Amino acid sequence: MEEKEIRKERLKQLKDLGYSSHPYSYPSEETISSIVEKFREKQGEELEKFNVSTAGRILTIRRMGRATFLHISDGKEKLQIFMGENSLGKKKYSDFKLFNTGDWIGVKGSLFRTKTGELTILCEDFSFLAKSLLPLPEKWHGLQDVEVRFRKRYLDLLVNRRTREIFEKRAEIISKLREFFQRKGFIEVETPMMHPVLGGAAAKPFVTHHNSLDMDLYLRIAPELYLKRLVVGGMERVFEIGRNFRNEGISPFHNPEFTMLEFYWAYRDYNFLMGLTEEIFQEIAMKIWGKLEGEYQGKKINLSSPWKKLKFMDSISNASGIREESLWDEEFVIKKANELFPEEEVLPSTYSKSLDFLFDKFVRGELFQPTFVIDLPKVLSPLAKEHRQDGRLTERFELFIGGMELANAFSELTDPEEQKNRFEEQVKRKEEGAEVDLDYIEALKYGLPPTAGEGIGIDRTIMIFTDSPNIREVILFPLLRKK
RNA sequence: GAGCCGUUAGCUCAGUAGGUAGAGCACCGGCCUUUUAAGCCGGGAGUCGCAGGUUCAAUUCCUGUACGGCUCACCA
């Protein structure tokens with residue numbers, strides 16, 4: 001008989017013995033984690049007076065005749081169970097022979113420590129909770145196959161402890177961010193994910209359709225324009241944590257749906273945001289690393305203030321040797337970008353793409369320590385306010401850590417007339433995600449106060465703090481091809 | 001989307017310079033009441049990703065294809 005059939009057969013046998021095959025509930029009193037936590041330091045008689053009742057999945061079984069050891073898990077911690085014929089009785093002990101690894105079990109008993117000092121429940125009674133009809137992946141090597149890990153994340157979580165840790169840290173970081181912004185007097189909102197008009201970023205959208213309204217809708221590429229409408233409406237400090245959707249390629253740093261934090265703070269500018277950003281990341285670091293220094297992919301990252309600031313145009317000029325004044329020559333930049341990398345398959349065709357391209361080639365990879373790249377040109381920044389000292393630039397920064405762009409922020413453009421011109425300019429350049437959002441411009445006409453806004457890529461932030469080289473490691477169910 | 005690599009038992013992996021496959025874990029049976037990658041003895045388990053081609057013979061060679069990984073490109 002194959003293993004699957006054996007397990008099925010054993011479920012039937014348990015049923016015949018009077019066990020419910022799919023019980024409705026189990027009155028466990030504590031999780032395995034809480035027991036492990038509570039009795040970590042306790043020894044001997046102090047320990048043995050405690051009776052506990054818990055439940056979990058069986059990970060390993062070691063049978064030795066009339067005694068059996070198992071480890072059960074609540075997904076986070078493991079706890080050893082001892083089953084002896086003496087304490088359970090012959091019949092009950094023999095019933096346990098029908099259990100396999102992977103099965104769910106409820107356990108009651110007293111606590112003790114084994115010879116080697118491991119905390120263990122001396123089992124006095126157990127309940128059958130669910131059968132695993134399929135065998136678990138291997139206990140020693142875990143589940144290695146990347147594809148299976150992502151497609152069957154439940155198995156990955158079961159067997160690979162690190163996976164659980166990543167998603168616990170993810171939850172901690174997100175709740176830290178919520179707490180941070182609430183503490184600063186922000187209100188959390190949810191804006192539409194289905195947009196009739198595209199905007200807020202430069203990206204290809206997913207398109208969907210509403211039947212009864214007979215209307216095409218875009219899955220949002222950014223919540224930006226809605227959040228600023230809320231600032232117009234008097235929400236002076238507002239934030240949203242949510243999913244964005246971009247119909248672009250997939251890479252170690254890009255998943256088609258990803259989570260972003262966006263926030264807007266009225267009466268502030270981008271200079272203020274740089275300080276705030278340092279504060280945010282430092283609070284996360286203290287929570288996750290316990291200090292301001294951590295390691296990402298084998299290299300130290302130091303988040304102590306102040307972080308380096310690099311002017312966008314300077315950084316390209318310094319790294320590439322192209323004179324800064326030449327970088328303002330649109331034709332020259334396009335030509336140069338194409339000449340410098342003749343082996344590239346897809347070469348940039350527009351000025352803004354060429355600038356971005358040069359930045360990526362010469363600068364981005366070098367930005368391992370936290371760095372604000374500041375004062376990006378207007379052509380790259382249709383929603384940012386003109387720089388107060390240089391009309392060709394905007395008051396904008398992008399934050400890089402570990403060679404990844406983690407945040408993007410600016411002093412928001414508040415002038416409806418100029419916003420309209422910038423949108424139209426974009427449409428003329430046929431840029432991705434470019435549409436003139438007249439409704440947004442109307443909102444601006446009611447007056448957007450001076451406002452600073454920022455988006456922080458949550459998935460990439462999690463990558464840094466969990467030392468993950470690939471975005472899929474920090475997303476529970478990353479998009480994969482249909483099999 | 002392009003280039004390179006991978007896909008063998010439930011899992012982790014060997015292997016066959018072309019003669020239809022092995023190990024460890026898991027699983028089953030036996031012995032075993034402090035084990036913890038328990039141990040000892042015995043056993044079952046595979047359309048060698050899928051489809052074609054070459055060949056007396058293909059898991060192995062060739063072609064195509066699916067899925068995945070890495071690198072590059074668009075993008076946060």
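Worth knowing before you read on, the calculation uses all heavy atoms, side chains too, and leaves out hydrogens, waters and symmetry mates. In this text, all values refer to a predicted model and were calculated from it rather than measured experimentally. Residue numbering restarts at 1 for every chain, and letters A, B, ... go by the order of the sequence lines.
Here, A26(B) and C70(B) have their P atoms 31 Å apart, quoted to the whole Å. Across the P atoms, G44(B) and G29(B) are found 15 Å apart, a figure rounded to whole Å. Here, C5(B) and U47(B) have their C1' atoms 25 Å apart, quoted to the whole Å. Separating the C1' atom of U8(B) from that of U60(B) is a span of 11 Å, rounded to the nearest Å. Taking the C1' atom of each, G68(B) and C50(B) are spaced 15 Å apart, rounded to whole Å. Comparing the C1' positions of C31(B) and G24(B) gives an interatomic distance of 22 Å, to the nearest angstrom. Nucleotides C61(B) and G3(B) place their C1' atoms 23 Å apart, quoted to the nearest Å. Across the P atoms, C27(B) and A37(B) are found 16 Å apart, a figure rounded to whole Å.
Summarising the geometry, the separation between CZ on Arg149(A) and P on C11(B) is reported as 15 Å, rounded to the nearest angstrom. What separates CD of Gln144(A) from P of G68(B) is a distance of 19 Å, to the nearest Å. Regarding Asn470(A), its CG atom lies at a distance of 10 Å from the C1' atom of C70(B), rounded to whole Å. Rounded to whole angstrom, the span from the CG atom of Leu70(A) across to the P atom of A37(B) amounts to 15 Å. Atoms CD (Gln80(A)) and P (A37(B)) sit 11 Å apart, rounded to a whole Å. Atom CG in Leu134(A) sits about 15 Å away from atom P in A9(B), given to the nearest Å. Distance, Lys482(A) NZ to U65(B) P: 20 Å, rounded to whole Å. Rounded to an integer number of Å, the gap from CD of Glu147(A) to P of C11(B) is 12 Å.
Thr120(A) and Gln80(A) form a side-chain donor-acceptor contact under 3.5 Å, judged by distance and modelled atom types alone. Asn408(A) and Arg396(A) are linked by a side-chain donor-acceptor pair at a separation below 3.5 angstrom, with hydrogens and angles left out of the test. When only modelled atom types and interatomic distance are considered, Glu395(A) and Ser411(A) share a side-chain donor-acceptor pair under 3.5 Å. Under 3.5 Å, the side chains of Tyr351(A) and Asp356(A) contain no donor-acceptor pair of N or O atoms. A donor-acceptor pair shorter than 3.5 Å cannot be found between the side chains of Ser132(A) and Asp103(A). When only modelled atom types and interatomic distance are considered, Glu224(A) and Tyr226(A) share no side-chain donor-acceptor pair under 3.5 Å.
Contact annotation: the side chain of Met64(A) approaches that of Phe69(A) to within less than 4.5 Å [non-hydrogen atoms, C-beta and beyond]. Between Phe253(A) and Asn470(A), every side-chain heavy-atom pair lies at or beyond the 4.5 Å cut-off.
No engagement by Gly455(A) is indicated, since no non-hydrogen atom pair under 4.0 Å with the nucleic acid exists. Residue Lys4(A) is classed as having no contact, given no heavy-atom separation below 4.0 Å to the nucleic acid. Using a 4.0 Å heavy-atom cutoff across all strands shown, Ile250(A) reaches at least one base atom of the nucleic acid. Across all strands, Asn247(A) comes closer than 4.0 Å to no nucleic acid atom at all (heavy-atom distances).
Of the two residues contacting RNA chain B, namely Leu406(A) and Leu480(A), the nearest-nucleotide position lying further toward the 5' end is that of Leu480(A).
Taking every heavy atom of residues 157-167 of chain A and every atom of RNA chain B, no pair lies under 4.0 Å.
Between the side chain of Asp145(A) and the backbone N or O of Val148(A) there is at least one donor-acceptor pair closer than 3.5 Å. Checking side-chain atoms of His195(A) against main-chain N and O of Pro192(A) turns up a donor-acceptor pair under 3.5 Å. The backbone N or O of Phe359(A) sits nowhere less than 3.5 Å from a side-chain atom of Arg364(A) that would complete a donor-acceptor pair.
Comment: Lys92(A) does not engage Asp95(A) in a salt bridge, judged by the lack of any side-chain N to carboxylate O separation of less than 4.0 angstrom.
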Quick tally for nucleotides 24-34 of chain B: nucleotides whose base has a protein heavy atom under 4.0 Å get B, sugar-phosphate-only ones S, the rest -, giving BBBSSS--BBB
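Within the structure, every side-chain polar atom (N or O) of Arg481(A) is placed at least 4.0 Å from both OP1 and OP2 of A66(B).
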Both distances under 3.5 Å, Watson-Crick or G-U wobble: on that basis, could you give the dot-bracket string for RNA chain B, with [ ] for crossing pairs and | for other-strand partners? (((((((..((((.....[..)))).(((((.......))))).....(((((..]....))))))))))))....
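Shown here is Arg62(A), whose CZ atom has more than 12 heavy atoms of other residues, nucleotides or ligands within 6.0 Å.
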